[in-house]
Undergrad: 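Got a structure here, written out as structure tokens. Questions coming.
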Amino acid sequence: MRYWLMKSEPSDVSVDDLATMPNQTVAWYGIRNYQARNFMRDQMRVGDQVFFYHSSCAEPGIVGLATVSKLAYPDQTQFDSSNKYFDPKATPENPRWFNVDVKLVKKTRLLGIKELRSYPELEHMRILQTGNRLSITPVDPKEWEFITGLL
DNA sequence: GCCAACGTTGGC
DNA sequence: GCCAACGTTGGC
């Protein structure tokens with residue numbers, strides 16, 4: 001089993017939005033970065049554990065725990081010409097983008113990026129490195145344990 | 001809104 | 001395959 005951190009802009013899907021969705025589950029659509037796609041398509045398995053992270057907002061940070069509830073399948077938005085994530089080069093026979101489903105385990109307190117940065121135990125976290133923009137990153141089991149101990 | 005740091009695109 | 005130009009991300 002693996003551990004992940006997945007960023008979402010709360011203006012798009014917040015942890016509170018997730019809590020009100022059917023089965024508290026959301027399709028992680030709209031990923032248009034190959035590295036992040038590959039993590040979902042090639043490495044994520046049902047039951048993997050996820051930190052739900054709010055980005056591009058007033059208070060960025062971890063706000064919930066979630067789990068991968070469905071293996072990667074073609075991202076439906078790539079085929080929809082009216083969708084902002086439409087990809088004209090993708091076809092149902094040859095999809096380019098994939099997403100998993102993510103289910104909320106529980107909301108947590110806000111563990112802000114400033115606090116994350118304050119712990120030497122977390123200094124190697126991908127999310128805290130300068131210039132890191134990946135919206136999906138693996139989390140080390142030790143880091144997962146340390147962070148869940150703070151929540 | 002700024003801007004550093006990336007990722008992607010496309011001409012050659 | 002190189003790499004300059006361009007677009008995007010995301011904390012501040």
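The sequence lines fix the lettering, A, B, ..., with proteins before strands; numbering per chain opens at 1. Hydrogens, waters and symmetry mates play no part in the numbers below; they use all other heavy atoms, side chains included.
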Undergrad: Any side-chain donor paired with an acceptor under 3.5 Å for A:Tyr73 and A:Asn99?
TA: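 Yes, a side-chain donor-acceptor pair sits under 3.5 Å.
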Undergrad: Using OP1 and OP2 only, check whether a side-chain N or O of A:Lys7 sits under 4.0 Å from C:dG10.
TA: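 Answer yes for this pair, as a side-chain N or O of A:Lys7 is under 4.0 Å from OP1 or OP2.
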Undergrad: Evaluate side chain to side chain donor-acceptor pair (under 3.5 Å) for A:Ser14 paired with A:Asp17, printing each intermediate quantity in order.
TA: CA-CA 5 Å; A:Ser14 72; A:Asp17 294 333; 3.2 Å; yes
Undergrad: Checking A:Asp75 side chain against A:Gly30 main chain: does a donor-acceptor pair fall under 3.5 Å?
TA: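 Such a contact is found between A:Asp75 side chain and A:Gly30 backbone.
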Undergrad: Can you measure A:Glu9 atom CD to C:dG11 atom P for me and round it to whole angstrom units?
TA: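 In whole Å, C:dG11 P and A:Glu9 CD are 9 Å from each other.
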Undergrad: Less than 6.0 Å separating the ring centroids of A:Tyr85 and A:Trp28?
TA: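 Ring-ring flag for A:Tyr85/A:Trp28: false, centres at least 6.0 Å apart.
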Undergrad: Is it true that atom CD of A:Glu145 has more than 12 heavy atoms of other residues, nucleotides or ligands lying nearer than 6.0 Å?
TA: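 Result for CD/A:Glu145: open.
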Undergrad: Please report, rounded to the nearest Å, how far the C1' atom of C:dG11 is from the CG atom of A:Leu128.
TA: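 After rounding, the reported distance stands at 12 Å.
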Undergrad: Using whole Å, report how far NE2 of A:His54 lies from C1' of C:dC12.
TA: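 Going from NE2 in A:His54 over to C1' in C:dC12 covers 19 Å.
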Undergrad: Taking atom types as modelled, is there a side-chain donor on A:Arg133 or A:Ser55 under 3.5 Å from an acceptor on the other?
TA: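 There is no such pair between these side chains.
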Undergrad: After noting the C-alpha distance and the side-chain angles of A:Phe146 and A:Leu122, does the key distance pass the side-chain contact (heavy atoms from CB on, under 4.5 Å) rule?
TA: CA-CA 8 Å; A:Phe146 182 80; A:Leu122 302 178; 3.7 Å; yes
Undergrad: How about A:Trp144 and A:Phe51: are their ring centroids closer than 6.0 Å?
TA: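 Centroid distance A:Trp144-A:Phe51: below 6.0 Å, so yes.
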Undergrad: For A:Ile62 and C:dG11, give me the distance from atom CD1 to atom P, rounded to whole Å.
TA: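 These atoms are roughly 12 Å apart.
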Undergrad: Nearest to the side chain of A:Ser56, heavy atoms from C-beta on, is which of C:dG10, C:dG11, B:dG10?
TA: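 Between C:dG10, C:dG11, B:dG10, the one nearest the side chain of A:Ser56 would be C:dG10.
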Undergrad: Atom CD1 of A:Ile31 to atom P of C:dT8: distance rounded to whole Å?
TA: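 Answer to the nearest Å: 15 Å.
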Undergrad: Using atom names, set out every protein N or O paired with an N or O of nucleotides 2-7 of chain B below 3.5 Å, distance rounded to 0.1 Å.
TA:
{"unit_1": "B:dA5", "atom_1": "N3", "unit_2": "A:Arg133", "atom_2": "NH1", "d": "3.4"}
{"unit_1": "B:dC6", "atom_1": "OP1", "unit_2": "A:Thr130", "atom_2": "O", "d": "3.1"}
{"unit_1": "B:dC6", "atom_1": "O2", "unit_2": "A:Arg133", "atom_2": "NH1", "d": "2.6"}
{"unit_1": "B:dC6", "atom_1": "O2", "unit_2": "A:Arg133", "atom_2": "NH2", "d": "2.7"}
{"unit_1": "B:dG7", "atom_1": "O4'", "unit_2": "A:Arg133", "atom_2": "NH2", "d": "3.1"}

Undergrad: Taking only heavy atoms on the protein side, list every residue of residues 109-117 of chain A lying under 4.0 Å from any atom of DNA chain C, sorted numerically.
TA: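 Per residue number, the list reads A:Ile113, A:Arg117.
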Undergrad: For A:Arg96 and A:Gln78, which I'm curious about, is there any donor-acceptor pair between the side chains at under 3.5 Å?
TA: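 Distance-only check fails for A:Arg96 and A:Gln78.
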Undergrad: May I ask you to evaluate whether A:Tyr53 reaches the phosphate of C:dT9, defined as a side-chain N or O under 4.0 Å from OP1 or OP2?
TA: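 Negative; the distance criterion is not met.
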